[in-house]
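A short worksheet on the structure shown next.
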Amino acid sequence: MDLSNGSPVITDPMAMGQPLMGVLPSNMMPFSVMPGSYSSPAGAGLNVSRRKIEEVLVNGLLEAMKSSSPRKKHNLVFGQENLPEEDPAYTAWTATTCPSALASFKQIVAGAQGKKIAVFLDYDGTLSPIVDDPDKAVMSPVMRAAVRNVAKHFPAAIVSGRSRKKVLEFVKLKELCYAGSHGMDIMTSSANYEHNTEKAKEANLFQPAREFLPMIDEVSKSLLEVTSGIEGASIENNKFCVSVHYRNVDEKDWELVARLVNEVLEAFPGLKVTNGRMRFVR
Ligand SMILES: O=P(O)(O)OC[C@H]1O[C@H](O[C@H]2O[C@H](CO)[C@@H](O)[C@H](O)[C@H]2O)[C@H](O)[C@@H](O)[C@@H]1O
């Protein structure tokens, strides 16, 4: 699933029967239970040890949300994401998790000598800026021209957690390959896509988790239902994974989001939750 930062995701054997455990930071695994937090009606009938385990899971998820989503100052205000006044924690986080390839460009070129090169590009935060509304993460014409140019020289693909269809709509370049849902939905050629027969389209598709589509749809609906009352929360169905966005949710409600996601996941032990930039991915 964007059941996510990383994502399916769907049939991870490590996650079977152990929802969320796989994504907890190791220091959260020994039962450092934090008492006195939110309790939901759904938890009313649980015995103490089960409740404790749930506390650990939710608190672990909350910690993961905080550590993987350091906030830029003012980032709740649409359009002010790129203000120069950054939170030092955010700056340190980007430096360690996303070092610039441009800073090591000479080494990369040297390492590529004599090798066949293929280029794999991320979409959000790479080809498009990170914005508060996922539907508005459009790519600039300059960036599109640069990618088109890259594709003239190397086989190129976009790999994204988004649905493949959505990325293609944003990028609009037929000369690329697209892998959506974190690689669970691969289209090897998008040339003539609209004009191809269904059979020809199928031949270009690799969707190893197709049998799980009904389950993902069900999870998506459940997540939409349980989070509908939380201001700022939104659900994005990415076909083979689902994102729960909390970028626009007040931080005081993050624990509630974590708890509700955890509760929904209990019914789907085969799915895995991972954490991304202000979103869960399943
Ligand atoms: O392919 P990835 O880099 O793993 O990211 C996939 C996710 O991208 C989108 O979310 C991110 O960008 C949004 C728009 O800028 C932003 O609002 C969100 O906070 C980011 O996490 C996409 O909306 C998600 O569904 C993907 O999972």
Side-chain angles (χ1 to χ4, degrees), residues 1-10 23 61 64-83 87 90 93-94 97-101 119-140 143 147 156-171 176-187 209 216-217 219-220 223-224 227 230-251 253-254 257-258 261 271-282:
M1 225 156 123
D2 232 307
L3 267 206
S4 153
N5 194 28
S7 332
V9 168
I10 310 177
V23 299
L61 199 49
M65 286 163 83
K66 287 179 180 166
S67 65
S68 69
S69 305
R71 310 196 80 133
K72 272 189 176 181
K73 286 190 178 165
H74 312 295
N75 76 350
L76 287 179
V77 184
F78 185 71
Q80 295 197 342
E81 274 265 80
N82 295 320
L83 284 181
D87 185 334
Y90 182 85
W93 178 76
T94 38
T97 56
C98 328
S100 167
V119 177
F120 296 87
L121 297 162
D122 181 30
Y123 183 73
D124 289 279
T126 302
L127 301 181
S128 68
I130 290 292
V131 292
D132 285 352
D133 179 351
D135 286 337
K136 298 204 168 119
V138 291
M139 190 179 176
S140 71
M143 183 63 85
V147 174
I158 312 258
V159 185
S160 171
R162 298 261 193 176
S163 76
R164 175 178 48 79
K165 193 165 167 270
K166 192 71 165 276
V167 183
L168 180 56
E169 276 168 22
F170 276 136
V171 178
L176 305 176
C177 299
Y178 292 85
S181 311
H182 296 282
M184 283 292 115
D185 189 3
I186 298 175
M187 188 170 63
I216 299 291
D217 278 342
V219 170
S220 182
L223 288 169
L224 192 61
T227 58
I230 304 178
E231 199 179 335
S234 69
I235 305 299
E236 186 180 4
N237 187 330
N238 291 326
K239 193 159 177 134
F240 291 99
C241 48
V242 180
S243 292
V244 179
H245 291 278
Y246 55 92
R247 174 174 294 277
N248 302 316
V249 173
D250 192 312
E251 204 165 329
D253 291 330
W254 284 13
V257 175
V261 168
L271 297 178
K272 179 179 166 190
V273 63
T274 57
N275 205 355
R277 272 186 295 238
M278 307 256 178
R279 73 182 196 283
F280 297 114
V281 189
R282 313 186 65 185

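Counting starts at 1 for both ligands and their atoms, following the listed order.
- Taking each heavy atom of H182 and G161 in turn, the nearest pair found is NE2-CA, 3.2 Å.
- Annotation: the span from I158 atom CD1 to T126 atom OG1 amounts to 9.5 Å, rounded to 0.5 Å.
- For ligand 1, the polar-atom distance check finds no N/O of I130 at less than 3.5 Å from any of the ligand's N/O atoms.
- Proximity to E236 (heavy-atom distance under 4.0 Å) selects the following atoms of ligand 1: 22 (C), 23 (O), 24 (C), 25 (O).
- Against a heavy-atom cut-off of under 4.0 Å, G161 is close to the following atoms of ligand 1: 1 (O), 6 (C).
- Short contacts between ligand 1 and S160, defined as distances under 4.0 Å to a heavy atom of the residue, involve ligand atoms 1 (O).
- For H182, the closest heavy-atom approach to ligand 1 falls below 4.0 Å.
- The side-chain contact (heavy atoms from CB on, under 4.5 Å) check on A137 picks up D124, S128, V131, R162, with sequence neighbours excluded.
- Considering CZ of F240 and CZ of R164, their distance stands at 8.5 Å, rounded to 0.5 Å.
- Residue W254 comes nearest to V249 through the heavy atom pair NE1-O, 3.1 Å, listed as atom of the first residue, atom of the second, then distance.
- With atom 17 (O) of ligand 1 as the reference point, the heavy atom nearest to it among D132, D135, I158, V131 is part of V131.
- The distance criterion of under 3.5 Å between nitrogen or oxygen atoms is met by D124 with respect to ligand 1.
- Legend: residues meeting side chain to side chain donor-acceptor pair (under 3.5 Å) with S140, ordered by chain and number and at least two apart, are absent.
- Salt-bridge check for K165 with D185: failed, with every basic side-chain N at 4.0 Å or more from each acidic carboxylate O.
- In D122, the part holding a heavy atom less than 4.0 Å from any atom of ligand 1 is the side chain.
- Residue S243 touches ligand 1 through its side chain alone, judged by heavy-atom distances below 4.0 Å.
- The CD atom of E169 sits 9.5 Å away from the CG atom of D135 when rounded to the nearest 0.5 Å.
- Checked by distance only, ligand 1 and P134 stay at 3.5 Å or farther apart across all their nitrogen or oxygen atoms.
- Close to ligand 1: P129, with a non-hydrogen atom less than 4.0 angstrom away.
- Contact annotation for N238 and ligand 1: only side-chain heavy atoms (C-beta onward) come within less than 4.0 Å of the ligand.
- Closest of all the heavy-atom pairs between S220 and V242 is CB-CG2, 3.9 Å.
- In this structure, G125 falls outside the shell of residues with a heavy atom less than 4.0 angstrom from ligand 1.
- Under a 4.0 Å criterion applied to the non-hydrogen atoms of R247, ligand 1 contributes the atoms 16 (C), 17 (O), 18 (C), 19 (O).
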